[in-house]
Amino acid sequence: MTSDSGKSFALKIFNILSKEYPNVKPALNYKTPFELLIATILSAQCTDERVNVVTEKLFQKYKKPKDYLKVPNTELEKDIFSTGFYKQKAKSIKSICKILVEKYNGVVPNDFEELVKLPGVGRKTASVVIGNAFGIPAIAVDTHVKRLSNRLGFINSNDTVKIEFRLEELLPENYWINSSHWLAAHGRKICFARNPKCESCIISKLCPSNKLKQ
DNA sequence: AACTCGGGGCA
DNA sequence: TGCCCAGAGTT
């Protein structure tokens with residue numbers, strides 16, 4: 001496949017998905033970059049719905065980074081308990097808030113390289129914050145994006161950075177963060193890891209991995 | 001590359 | 001009661 005045909009194929013796919021999933025707002029509720037950072041950390045291995053239940057109270061109690069530093073870890077662990085992995089997440093959040101206060105004047109930096117340096121913040125979380133809270137083009141690679149990128153033939157690799165680069169190569173910048181939303185939304189609804197619903201899939205005719213063709 | 005950390009949802 | 005979900009850090 002030439003580079004150009006790869007790009008037109010990708011555009012075709014994402015234009016269809018954009019109509020299927022027109023709401024590209026993150027399913028996480030947040031009002032500030034800081035809230036999105038916390039919510040995204042909590043969303044790891046947890047549903048967005050559950051995170052929203054937890055953050056509704058959490059964000060009333062903790063407004064700024066320094067507020068998280070006022071309570072013992074056990075209290076924060078209790079406040080985020082049902083998001084799973086709560087001990088590590090609480091530890092990460094406390095460490096992050098300390099760094100934000102001491103190094104960044106209490107403000108979340110609008111820079112990918114600075115964000116990924118924070119403890120508990122990987123490339124996916126950093127990209128979500130950069131892309132959604134700051135409007136800077138970024139590809140957020142989660143397991144849905146990995147799986148669908150491979151099934152759709154964009155790449156044959158599970159390496160996060162390679163997938164980021166490939167999608168950046170295939171798509172214009174204004175598609176970047178939304179493409180992550182669309183793939184993740186489609187992955188959750190239709191293109192399951194096991195037993196994907198190809199019979200209900202709006203892009204099955206274009207998909208090289210369509211099980212109905214095989 | 002494999003392992004660990006943990007809940008909730010669902011049949 | 002057991003399977004499924006799916007990010008970051010460590011070794």
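Below, chain A is the first sequence line, B the second, and so on; all start at residue 1.
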Under-3.5 Å N/O pairs linking protein and nucleotides 7-11 of chain B:
residue	atom	partner	partner atom	Å
B:dG7	OP1	A:Tyr86	OH	3.3
B:dG8	O3'	A:Arg50	NE	3.4

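To the nearest angstrom, P of C:dA6 lies 17 Å from CG of A:Leu42. The CD1-P distance, from A:Ile80 to B:dG6, rounds to 10 Å in whole Å. Atom P of nucleotide C:dC5 and atom CZ of A:Arg188 are separated by 13 Å, given to the nearest angstrom. Between the CG atom of A:Asn158 and the P atom of C:dA6 there is a distance of 14 Å, rounded to whole Å. Look at NZ on A:Lys89: it is 8 Å from C1' on C:dG7, rounded to the nearest Å. Between the CG atom of A:Leu37 and the C1' atom of C:dG7 there is a distance of 14 Å, given to the nearest Å. Nucleotide C:dA6 holds its C1' atom 14 Å from the CG atom of A:Leu148, rounded to whole Å. The NZ atom of A:Lys146 sits 10 Å away from the C1' atom of C:dA6 (whole-angstrom rounding).
Listed by residue number, A:Leu118, A:Pro119, A:Gly120, A:Val121, A:Gly122, A:Lys124, A:Thr125 are the residues of residues 110-130 of chain A with a heavy-atom contact under 4.0 Å to DNA chain C.
No side-chain donor from either of A:Tyr30 and A:Asn132 sits under 3.5 Å from a side-chain acceptor of the other.
With hydrogens and angles ignored, the 3.5 Å screen pairs no side-chain donor or acceptor of A:Arg188 with any backbone N or O of A:His144. Of the possible polar contacts, one joining the A:Asn150 side chain to the A:Lys146 backbone as a donor-acceptor pair under 3.5 Å is found. Remark: side-chain polar atoms of A:Lys211 are paired, donor with acceptor, to backbone N or O of A:Pro196 under 3.5 angstrom.
Comparing C:dG7, C:dC5, B:dC5 by their closest approach to the side chain of A:Thr143 singles out C:dG7. Nearest nucleotide to the A:Arg194 side chain, out of B:dG6, C:dG7, C:dC5: C:dC5. Of the candidates C:dC5, B:dG6, C:dG7, the closest approach to any side-chain atom of A:Ala193 belongs to C:dC5.
Aromatic ring pairs are classed by plane angle as parallel below 30°, tilted from 30° to 60° and perpendicular above 60°; the pair A:Phe14 and A:Trp182 is tilted.
In summary, A:Lys64 and A:Asp67 do not engage in a salt bridge, as defined by a charged side-chain N under 4.0 Å from a carboxylate O. Ion pair A:Glu75/A:Lys78 not flagged as a salt bridge, since none of the NZ, NE, NH1 or NH2 atoms sits closer than 4.0 Å to an Asp/Glu carboxylate oxygen.
Every residue was checked against the ring pair (Phe, Tyr, Trp, His ring centres under 6.0 Å) condition with A:Phe192, not counting sequence neighbours, and none meets it.
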* Asked: Please walk me through it: do A:His181 and A:Tyr21 pass ring-ring contact (aromatic ring centres under 6.0 Å, His included)?
  -> CA-CA 9 Å; A:His181 286 304; A:Tyr21 307 102; over 10 Å; no
